[in-house]
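Worksheet: the structure to be examined is printed underneath.
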Amino acid sequence: MDVAQFLHEFWNARGAIWDGFQMTVAISALSIFFGTLLGLFVGLALVYSWLPFRFLVRIYVDFIRGTPVFVLVLASFYILSVIGIQLTAFQAGILAITAFCSTHVGEMVRGALAAIPRGQSEAAMAIGLTFRQTFQSVLMPQALRQILPTWVNAATEMVKASTLLSVIGVAELLLATQQVISRNFMSLEFYFLAGFIYFLIDFSIERLGRFVEKKLAYC
Amino acid sequence: MDYRLNFDAVWRSFDLLLSGLALGLGLAIVSIFIGSFIGLIAAFAMLSKNKLWRGIAVAYVTAIRNTPILVLIFFTFFALPQLGVRLGKIESFVFTLTIYSGAYLTEVFRGGLIAIPPGLREAGLAVGLTEWGAQRWVIIPVMIRNVLPALSNNFISLFKDTSLAAAIAVPELTFYARQINVNSFRVIESWTVASLMYVFACYIIAAGLRQVERKLAIP
């Protein structure tokens, strides 16, 4: 391994890698955002909704969770164009990871709500709170506190899942790295670099998760 | 939207899909088997008093857990040959998945070991077992039973991760689904069948492992 040559090639490739990095951040942020929004509804539907609807949501969750994310990404990329929904690879990929994220968040919300003892809702009802008030000021604050650390860790999963979009041709960090390697053949150095960048992203998110967990622990 | 469902092409290749599913299962079984040994060793290293062992184990687990598995797969397959390590597709994938599962299992085993009350080891020593004997015959069997549910979850997620082997052209389920998709243009059919196969396989594995857990549970 020639360090000087690597630095030279790295300098040449800095633009491509920076663009890929930004794309990775964009994919992750968008999927986490939409996935969390959808996931909150999924979670609430799993706990409170009308039974047949709850059953449908359960099927959605189990189906998405039973399928590998990679298959979701490929299926979303290939299927949508056939049934007349024209999406770019970028959009199709985000859709797949959003679905993946939503089932994770949904299960978290369901689990957190289920963990709150029933007596609390009953007590809230007994002092005359409506369902909405009970949810807003009794259940949600506790559920959020429990969800937040897990949710931050789920974010690292989404960053990792964003690499799968390289296979359908979205030029995120991994594909950008592969393109750089196809020019300079320094696969060892540049795959290592890509791995290291992902590590830095995920490691910082994980540390943030621990920090949040500690902050929430005693208040 | 002018698409008629026609499952002929998928049924004609159903044997291939099944063989792909079997290969995926095989890859996951081999990886979790070897990975368990790595995980066990690393878990003991993490809890040892020796700072060097602890450092190595922590570095291994942190590095692998925070790097996307696709990057690891490409690194082993495309970059390691530069160092003279040339592996075939399947060997390379099994190697990656083993290292990957080892890191996740370390955390599982570490948690299991911490949860074992110290009295168990002392009782083992008191009946005349050596330090190693107490670990081997008392601590590890109890710990494995306690972490079985976590092991099952890990196995299922590893099984889903075998879909990524398609990215380096290992002929497993996702690979064949994609092949059918590209050759016959039966896009919806191939991906639906493939996802359903994954979902059912996961469901059956989960049910089977739950039986094992019940059988081995400490009464």
Side-chain angles (χ1 to χ4, degrees), chain A residues 1 24 59 62-85 153 156-157 159-167 172-175 177-178 181-182 185-207, chain B residues 1-3 24 62-83 85 156-168 172-175 177-178 181-182 185-206:
Chain A
M1 173 150 64
T24 288
I59 291 179
D62 284 355
F63 187 77
I64 300 285
R65 281 171 68 104
T67 310
V69 203
F70 190 41
V71 174
L72 290 179
V73 169
L74 291 172
S76 149
F77 177 63
Y78 288 119
I79 289 181
L80 290 176
S81 63
V82 180
I83 58 171
I85 303 171
N153 285 331
T156 65
E157 291 301 317
V159 175
K160 290 191 234 171
S162 74
T163 55
L164 303 175
L165 271 64
S166 67
V167 179
E172 42 68 76
L173 182 55
L174 183 57
L175 187 59
T177 307
Q178 287 174 321
I181 291 171
S182 67
F185 302 109
M186 298 176 80
S187 53
L188 188 66
E189 293 85 343
F190 279 94
Y191 273 125
F192 191 84
L193 178 70
F196 187 66
I197 297 175
Y198 280 113
F199 172 81
L200 287 182
I201 301 175
D202 283 337
F203 189 68
S204 359
I205 297 178
E206 195 202 303
R207 284 288 126 149
Chain B
M1 189 185 141
D2 205 21
Y3 190 93
T62 322
I64 299 294
R65 281 172 58 108
N66 286 311
T67 313
I69 181 164
L70 195 57
V71 175
L72 298 173
I73 292 169
F74 285 153
F75 186 83
T76 322
F77 190 62
F78 293 115
L80 282 191
Q82 248 189 50
L83 293 175
V85 184
I156 290 171
S157 95
L158 272 187
F159 169 61
K160 286 191 282 171
D161 286 335
T162 59
S163 64
L164 294 168
I168 55 172
E172 48 68 70
L173 182 49
T174 309
F175 177 85
R178 207 175 180 193
N181 171 17
V182 172
F185 296 108
R186 304 325 302 177
V187 182
I188 298 179
E189 295 86 336
S190 55
W191 290 111
T192 315
V193 171
S195 330
L196 283 175
M197 285 172 81
Y198 273 114
V199 173
F200 280 119
C202 287
Y203 189 78
I204 292 169
I205 298 170

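What you see is a predicted model; the values in this text were computed from it and never measured. Chain letters run A, B, ... following the sequence lines, proteins first and then strands; every chain starts at 1. As a basis for the values below, the full set of heavy atoms in this structure was taken, side chains included, without hydrogen atoms, waters or symmetry mates.
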Which region of [X], side chain (C-beta onward) or backbone (N, CA, C, O), has a non-hydrogen atom less than 4.5 Å from a non-hydrogen atom of chain A, or is it both or neither?
X     : result
B/L83 : side chain
B/T62 : both
B/R65 : backbone

Between [X] and [Y], which heavy-atom pair has the shortest distance, and what is it?
X      : Y      : result
B/T67  : A/K160 : O-CD, 3.9 Å
A/Y198 : A/L174 : OH-N, 3.4 Å
A/T163 : B/L70  : O-CD2, 3.5 Å

Handout entry: Leading residue by heavy atom contact count with chain B [cutoff under 4.5 Å; candidates A/F190, A/F196, A/F185, A/F63]
Key =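 Between A/F190, A/F196, A/F185, A/F63, the count favours A/F63.
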Exercise for the section: Just give me the residue among A/V167, A/L74, A/T156 that pairs up with chain B most often, heavy atom to heavy atom, under 4.5 Å. Expected result: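 The residue among A/V167, A/L74, A/T156 with the greatest pair count is A/L74.
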Practice task
Check the angle between the aromatic planes of A/Y78 and B/W191 and answer parallel, tilted or perpendicular using the 30° and 60° thresholds.
Solution key: parallel
Problem - Under 4.5 Å from any heavy atom of chain B - which part of A/I201 - result: neither
Practice task
Could you look at A/S81 and say if it's the side chain, the backbone, both or neither that has a heavy atom under 4.5 Å from chain B?
Solution key: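 No part of A/S81 comes within 4.5 Å of chain B.
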Handout entry: pair B/T192-B/M197: side-chain heavy atoms closer than 4.5 Å
Key = no
Exercise for the section: For atom CZ of B/F78, decide whether the heavy atoms of other residues, nucleotides or ligands shown that lie under 6.0 angstrom number more than 12. Expected result: yes
